[in-house]
Amino acid sequence: MKKMLALGLLLGAVISCRDPLFDSLPRYMREHGRTLPSSGGGAAPKDTAQNPSPQEPPPPPEPSVYVTAFHYIDTENWETDSLGAAELLFFKDQELLLRLPVETPPDPERHRIWDSRLWTDATDGFLTRVFRDGEEMFRYDGQEQLRGFLIKDGEVHTLGQRPGREGLCYRINGREVFSSTTGTVLGSPSDPEWESGALTPDGDWVYYTYKADGNYYVMQDSKYHKVVFERDADAFYDFRVKEGEVLQAYRKGNVYYLKTGEKEQALNAAGSLVISCKLVPFGADVVLRGISRTSSTDFLFWYFDTSIPGIRNRISGKSARSGMVLQEDGWLFADTAADGSIGSLWLSGEKLDMPEGTYYLATPQCLFYKDGHYAAALSGRGGSKHTVVYDGKALAYSFNGYFTSVKLQ
């Protein structure tokens, strides 16, 4: 498991006119026959024109906690062998909704929570199949690892990386839209701020980037949107698209840059060594989130945009394995020691209560922050007692395994 934890924590085409392939209502609404209130029958309404009685709108419902986990047989020590046979668990709050078999070795990047549903994919080397709540929705020939997943206007967009040097494929509902026999996808399903992984929805389009033959190709659905040459910088770290403009994070010499369209601005991070850069959404903007080493034992987590010359939101951590999720109205940060154990949780500068015991973040997707709501899925050392802390509350779980993702919806 130590190997697993280390790996996990290092850190469209024009809209179709046909009916969507998948319904947009969540299962619980369809199964329980929820409908709009009837407008007929009953007593005549009272005349309230003379004596109106305005009412305050009801408060929004509290979000539910959706969490996924890998479960091993009780006699297996998953901390020493996390590559053995496992099954996937899917909880809503503390209710077990689904338990599904998974391929061996289990891969946290082959499942994701979307609109309160569990989407999974699997391959036998000849076919790739995509499931919703355990039911197969479509399949296609070939072996792919989904680096991007997006449901847009009722259609499922996927960006698959083929094994070795066999390239990539962008699909809608399993139908091939674009493919390349060479190339490596930029972006990951483990990026916590990007729900759609390596895919970026922007207006009516879906964008993604891949590297091939010394160039970076920014794609708009099936069309080439921009080509960036590798020789233009010493290192490129990330590409995203916002309002049709390509954002780039790269380094020239010892200077790091954020470029939006044709506007380039240098990052002022004097006195530290930048070790990680990622573009992340930040309200209506996209900013550069990074990690710097300030000493042998100290690390700085920050973000940078083109409105000011310096870095913002400086947070100190004990190792580069610490986790952070950023949004415009706040952030969630897990200060993690070199062995992967979490020392403390911070919400926008406020220290949160931690449950007793030793806990880990098994994957970056075990941290969630959005619209003022937060959650952290904490896997307990020893393998059976785990906790999800969220919005000032906590839920306890007992199973032999570890959490792989959490969302509030």
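Here the structure is a predicted model, which means the values were calculated and not measured.
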How about [X] and [Y]: do any of their side-chain heavy atoms sit closer than 4.5 Å?
X      : Y      : answer
Arg112 : Asp121 : yes
Leu168 : Leu159 : yes
Val286 : Val280 : no
Ser64  : Gln409 : no
Val67  : Phe403 : yes
Gln365 : Glu109 : no
Leu332 : Met324 : no
Asp329 : Tyr369 : yes

[X]/[Y] aromatic ring centres below 6.0 Å:
X      : Y      : result
Phe368 : Tyr374 : no
His386 : Phe399 : yes
Phe91  : Tyr66  : no
Trp119 : Phe131 : no

Dump the intermediate steps for side-chain hydrogen bond (donor to acceptor under 3.5 Å, both in side chains) on Thr404 and Thr363, then the final yes or no.
-> CA-CA 6 Å; Thr404 55; Thr363 77; over 6 Å; no
List the steps, then state whether salt bridge (Lys or Arg N to Asp or Glu O under 4.0 Å) holds for Glu136 with Arg129.
-> CA-CA 7 Å; Glu136 184 177 317; Arg129 299 182 294 166; 3.6 Å; yes
Ignoring hydrogens, what is the shortest heavy-atom contact between [X] and [Y]? Give both atom names and the distance.
X      : Y      : answer
Met219 : Tyr224 : SD-CD2, 3.3 Å
Thr358 : Ser341 : CG2-CB, 3.8 Å
Gly148 : Leu199 : C-CD1, 3.8 Å
Ala85  : Thr104 : CA-OG1, 3.7 Å
Leu288 : Cys277 : CD1-CB, 3.8 Å
Tyr359 : Lys385 : CE2-O, 4.1 Å

Under 3.5 Å, side chain of [X] to main-chain N/O of [Y], donor-acceptor pair present?
X      : Y      : result
Glu166 : Ser180 : no
Asp191 : Trp194 : no
Ser319 : Arg321 : yes
Asp335 : Gly317 : no
Asn400 : His71  : no
Asn215 : Val227 : no
Asn173 : Val156 : yes

Please assess Glu230 against Lys211 for the test salt bridge (Lys or Arg N to Asp or Glu O under 4.0 Å), listing each intermediate value before the final yes or no.
-> CA-CA 9 Å; Glu230 187 177 24; Lys211 180 183 178 182; 2.8 Å; yes
[Y]/[X] salt bridge by N-O under 4.0 Å criterion:
X      : Y      : value
Glu264 : Lys252 : yes
Asp202 : Arg240 : no
Lys263 : Glu245 : no
Arg289 : Glu193 : yes

With Lys223 as the cation and Trp205 as the aromatic partner, state whether NZ or CZ is under 6.0 Å from the six-membered ring centre and within 45° of the axis.
-> yes
Rounded to the nearest 0.5 Å, what's the gap from [atom1] on [X] to [atom2] on [Y]? Could you check?
X      : Y      : atom1 : atom2 : value
Asp115 : Leu118 : CG    : CG    : 13.0 Å
Lys393 : Thr387 : NZ    : OG1   : 16.0 Å
Asp305 : Gln265 : CG    : CD    : 8.0 Å
Ser188 : Gln161 : OG    : CD    : 11.5 Å

Between Trp331 and Asn313, a side-chain donor and acceptor under 3.5 Å | yes
With distance as the sole criterion, is a donor-acceptor pair present between the side chains of Glu144 and Tyr140 under 3.5 Å?
-> yes
Look at atom [atom1] of [X] and say whether more than 12 heavy atoms of other residues, nucleotides or ligands are closer to it than 6.0 Å.
X      : atom1 : answer
Lys318 : NZ    : no
Phe126 : CZ    : no
Asn254 : CG    : no

Side chain to side chain contact (heavy atoms under 4.5 Å, CB included) between Lys407 and Val65: does it pass, once the steps are laid out?
-> CA-CA 6 Å; Lys407 277 189 177 181; Val65 179; over 6 Å; no
Start with the C-alpha gap between Thr68 and Ser405, add the side-chain angles, then the distance that decides, and say whether side-chain hydrogen bond (donor to acceptor under 3.5 Å, both in side chains) holds.
-> CA-CA 5 Å; Thr68 59; Ser405 70; 2.5 Å; yes
Pair Lys226-Val241, side chain to side chain contact (heavy atoms under 4.5 Å, CB included): steps then yes or no | CA-CA 10 Å; Lys226 187 180 182 67; Val241 176; over 6 Å; no
Scan residues 94-118 for pairs that pass ring-ring contact (aromatic ring centres under 6.0 Å, His included), counting only residues two or more places apart or in two chains.
-> Phe70-His111, Trp114-Phe149
Verdict with reasoning, Leu96 to Leu89, per side chain to side chain contact (heavy atoms under 4.5 Å, CB included) = CA-CA 7 Å; Leu96 179 60; Leu89 307 182; 4.0 Å; yes
Passes side chain to side chain contact (heavy atoms under 4.5 Å, CB included), Leu267 versus Val255? Steps please.
-> CA-CA 7 Å; Leu267 164 64; Val255 182; over 6 Å; no
Specify whether Tyr208 and Tyr170 have parallel, tilted or perpendicular ring planes, treating 30° as the upper limit for parallel and 60° as the lower limit for perpendicular.
-> tilted
Residue from Phe236, Tyr237, Phe229, Tyr250 passing ring pair (Phe, Tyr, Trp, His ring centres under 6.0 Å) with Tyr216 | Phe236
Given the options Tyr217, Tyr207, Tyr210, His225 meets ring pair (Phe, Tyr, Trp, His ring centres under 6.0 Å) only with Tyr207
Set of residues satisfying side chain to side chain contact (heavy atoms under 4.5 Å, CB included) with respect to Asp353, sequence neighbours excluded | none
Result of checking Val246, Thr200, Leu186, Leu247 against Val218 for side-chain contact (heavy atoms from CB on, under 4.5 Å) | Val246
